[in-house]
Amino acid sequence: MSLISIDLVALHCSHGLGILNRALRNKSRSSIQIQAQQTRLSFPQRRRSNWRFLSTHSCSATLSVMAEEEKEAFDADRAGALVKELRECFDNGKTKSYDWRVSQLESIAKMVDEREKDILAALHQDLSKPEHEAFVSEISLTKGSCKLALQELKSWMMPEKVKTSMTTYPSSAKIVSEPLGVVLVISTWNYPFMLSLEPVIGAIAAGNAVVLKPSEIAPATSSLLAKLLEEYVDNTAIRVVEGAVAETSALLEQKWDTIFYTGSGRVGRIIMSAAARHLTPVILELGGKCPAVVDSDVNIEVGNSIYHTSGVMVAVRRIIAGKWGCNSGQACIAPDYLITAKAFAPKLIDTLRSELKVFFGENPMESKDLSRIVNLYHFKRLSKLMDEDKVSDMKVLGGQRDENQLKIAPTIFLDVPEDSLIMEDEIFGPLLPILTVENLEDSFAVINSRPKPLAAYLFTNNEELKNNFVKNISSGGMLINDTILHVTVSGLPFGGVGESGMGSYHGKFSFDAFSHKKAVLYRSFEGDTPTRYPPYTPGKLKLLKTLISGDIFSIILALIGRSKD
């Protein structure tokens with residue numbers, strides 16, 4: 001889920017090689033550099049070009065890089081000027097008003113309604129997302145976030161009353177939510193529309209000025225976001241910066257009031273390092289290997305009957321929906337691997353096989369309901385996981401792939417070695433390993449031996465197992481007997497823990513993520529007590545201890561010069 005990179009494979013085309021050579025000759029001295037990793041190459045440029053990754057059947061590399069007309073370089077100076085402009089806008093108080101926040105949220109909601117077809121077309125161009133999936137996961141969730149913020153904004157903005165103590169009597173206290181200031185949102189490519197606007201909606205609701213940096217790996221959506229936000233919202237306070245490494249590096253050199261990043265842990269470390277130079281707080285929405293534990297006890301009771309097969313079928317359908325129905329596994333909350341009892345594995349695999357056939361047909365490569373892999377780099381990365389000697393013989397289903405279409409069929413492996421490549425990092429694709437254990441409780445040790453995941457799933461009717469899972473497994477979020485749907489509940493925070501991220505958002509949590517909770521205590525000039533002032537005496541100390549104790553009867557006695565003693 002890397003944010004800022006250019007695929008080496010795109011450079012097979014001669015035009016791409018020319019661009020690469022020019023960029024390397026003009027390498028900037030930015031203090032924030034993204035280093036090359038494996039077959040990905042990242043580099044800053046002096047002259048800005050908008051990179052576009054386009055599917056083609058004529059190019060041997062499948063993808064080509066096209067540089068649009070060169071524009072004025074977006075360097076640190078321009079980034080600094082942009083931040084200064086937005087800070088002046090914020091300082092004049094415009095974004096803090098309730099009316100301004102509402103007007104911007106209404107404009108975004110209107111934008112999504114009016115330009116739905118354009119948004120769906122961009123998502124299809126970038127990822128071949130089926131319209132149904134794109135509407136549910138990108139359009140409807142964005143609309144829902146806008147609607148909730150508009151409904152609840154007035155109450156979110158209200159100061160929260162807090163009880164005070166006898167030591168401050170007479171007094172009152174409040175927690176006031178104030179906007180942080182000028183914030184940077186760096187988005188990702190797998191849900192490029194929703195994951196761009198969801199945090200922007202929270203930032204606007206909280207009263208901030210915002211810069212959005214969409215992912216260049218989803219170029220059609222990035223370009224559309226830049227165009228639509230320029231048209232629909234207040235550009236004196238809300239801006240979009242397109243580009244790749246050079247632009248992101250220039251942005252990261254600036255002082256922000258918070259940085260919100262969605263993407264990989266590798267780039268997350270770079271974001272955090274850049275932010276540390278300015279003591280800028282960060283919210284990192286990362287990922288990880290999300291486990292799904294499947295118990296054989298997943299039955300559905302109807303009256304006095306128990307339908308074993310139906311229970312397994314429902315569990316399997318929900319796993320498929322969360323894995324292959326979510327951008328072909330290219331989702332940070334998709335189940336990354338399953339764990340089940342060895343004796344139950346054959347039945348689970350058979351049910352997966354039959355239900356995958358129902359969902360995607362005899363030949364899933366021809367299905368229009370499966371998204372494609374985002375680009376050739378990720379296609380080859382996933383192919384490498386599939387072809388590793390330790391894993392290739394463990395395949396029990398699928399494995400078909402088409403480099404020209406960038407499609408890989410749903411593929412399942414059984415009992416792959418834990419030191420295999422497919423079990424090292426987040427898969428982020430349509431591959432699903434199944435690990436088996438003798439007793440399902442042994443799955444806890446398997447999960448806890450790895451970094452804490454963004455989500456963890458359990459399928460069971462066993463109440464004791466549910467309780468133990470919730471108690472003993474640490475993850476950003478958790479869902480029992482389903483996958484991914486916890487992110488649709490606005491009352492639940494969405495975020496990671498440990499290497500899967502820090503901070504959370506969604507609903508009011510988005511408002512809180514971009515707000516400072518300011519403590520305010522109000523006192524009158526009455527009720528002043530000499531106990532706090534010199535000269536200190538034993539009597540004053542005794543009275544002070546009595547006041548701190550909170551014992552009303554003792555306080556009254558102390559005030560009239562008596563005590564319980």
Side-chain angles (χ1 to χ4, degrees), residues 288-300 306-326 329 333-359 385 390-391 393-399 410-420 422-423 426-427 429-450 453-475 478-485:
K289 297 187 74 65
C290 300
V293 178
V294 186
D295 188 8
S296 58
D297 180 15
V298 285
N299 310 316
I300 296 178
I306 299 179
Y307 296 93
H308 293 264
T309 302
S310 297
V312 176
M313 187 179 297
V314 170
V316 163
R317 286 175 175 173
R318 292 175 179 179
I319 290 169
I320 294 172
K323 179 67 174 180
W324 295 284
C326 276
I333 54 172
D336 197 86
Y337 63 101
L338 305 186
I339 306 178
T340 194
K342 190 176 292 292
F344 185 63
K347 183 174 184 178
L348 178 61
I349 292 169
D350 285 344
T351 311
L352 281 164
R353 180 181 288 107
S354 63
E355 290 304 299
L356 281 167
K357 188 180 298 184
V358 171
F359 285 11
L385 300 183
K390 296 179 182 179
V391 166
D393 292 338
M394 305 294 183
K395 183 177 79 233
V396 294
L397 179 66
T411 303
I412 297 174
F413 302 87
L414 180 62
D415 280 330
V416 298
E418 290 199 34
D419 63 348
S420 58
I422 202 169
M423 291 304 296
E426 186 178 14
I427 294 170
L431 317 181
L432 184 64
I434 299 177
L435 308 182
T436 62
V437 290
E438 292 298 331
N439 300 301
L440 214 57
E441 288 76 9
D442 296 337
S443 64
F444 293 10
V446 175
I447 297 170
N448 288 332
S449 67
R450 301 178 175 278
L454 184 59
Y457 306 110
L458 171 67
F459 292 84
T460 186
N461 284 324
N462 187 314
E463 292 299 323
E464 183 179 359
L465 185 59
K466 292 178 188 177
N467 294 334
N468 288 337
F469 193 77
V470 173
K471 180 180 178 181
N472 295 305
I473 300 299
S474 179
S475 60
M478 188 170 284
L479 183 52
I480 308 298
N481 291 335
D482 210 330
T483 61
I484 72 171
L485 288 184

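In this structure, L435 and M423 have side chains that are in contact, with non-hydrogen atoms separated by less than 4.5 Å. Side-chain contact between V312 and F344 is present, with at least one heavy-atom pair separated by less than 4.5 Å. At least one side-chain heavy atom of L338 sits under 4.5 Å from a side-chain heavy atom of L432. Side-chain atoms of F444 and I473, non-hydrogen and from C-beta on, do get closer than 4.5 Å to each other. N462 places none of its side-chain heavy atoms less than 4.5 Å from the side chain of L440. In this structure the side chain of T483 reaches within 4.5 angstrom of the side chain of F459, judged on heavy atoms. Looking at heavy atoms from C-beta onward, I434 lies out of side-chain contact with V396 at the 4.5 angstrom threshold. Looking at heavy atoms from C-beta onward, K342 lies in side-chain contact with D415 at the 4.5 angstrom threshold.
To the nearest 0.5 Å, atoms OG (S449) and CD (E418) are separated by 6.0 Å. Taken from CG in L431 to NZ in K323, the straight-line distance is 6.5 Å, to the nearest 0.5 Å. Rounding to the nearest 0.5 Å places CD1 of I349 at 4.5 Å from CG of L414. Atoms CG and CG, on N468 and L458 in that order, are 10.0 Å from each other to the nearest 0.5 Å. Taken from CG in L479 to CZ in R318, the straight-line distance is 9.0 Å, to the nearest 0.5 Å. Interatomic distance, CG of L348 versus CZ of R353, reported as 11.0 Å (0.5 Å rounding).
In this structure, L465 and T460 approach most closely via the heavy-atom pair CD2-OG1, 3.7 Å. Residues M478 and F469 come closest through the heavy atom pair SD-CD2, 3.6 Å. Annotation for I333 and C290: closest pair CA-SG, 4.1 Å, computed over non-hydrogen atoms. Heavy atoms only, all atoms of each residue included: A341 and E438 are closest at CB-O, 4.5 Å. In this structure, P417 and K390 approach most closely via the heavy-atom pair CD-O, 3.5 Å. When all heavy atoms of P433 and D336 are compared, the pair lying nearest together is CD-O, 3.2 Å.
Other residues, nucleotides and ligands contribute more than 12 heavy atoms inside 6.0 Å of the NZ atom of K466.
Using a cut-off of 4.0 Å between Lys/Arg side-chain N and Asp/Glu carboxylate O, K347 and D350 are scored as not salt-bridged.
In this structure, S475 contributes its side chain and A455 its backbone to no donor-acceptor pair below 3.5 Å.
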**Request:** Test side chain to side chain contact (heavy atoms under 4.5 Å, CB included) on I339 and V437 and set out the steps.
**Result:** CA-CA 7 Å; I339 306 178; V437 290; 4.1 Å; yes
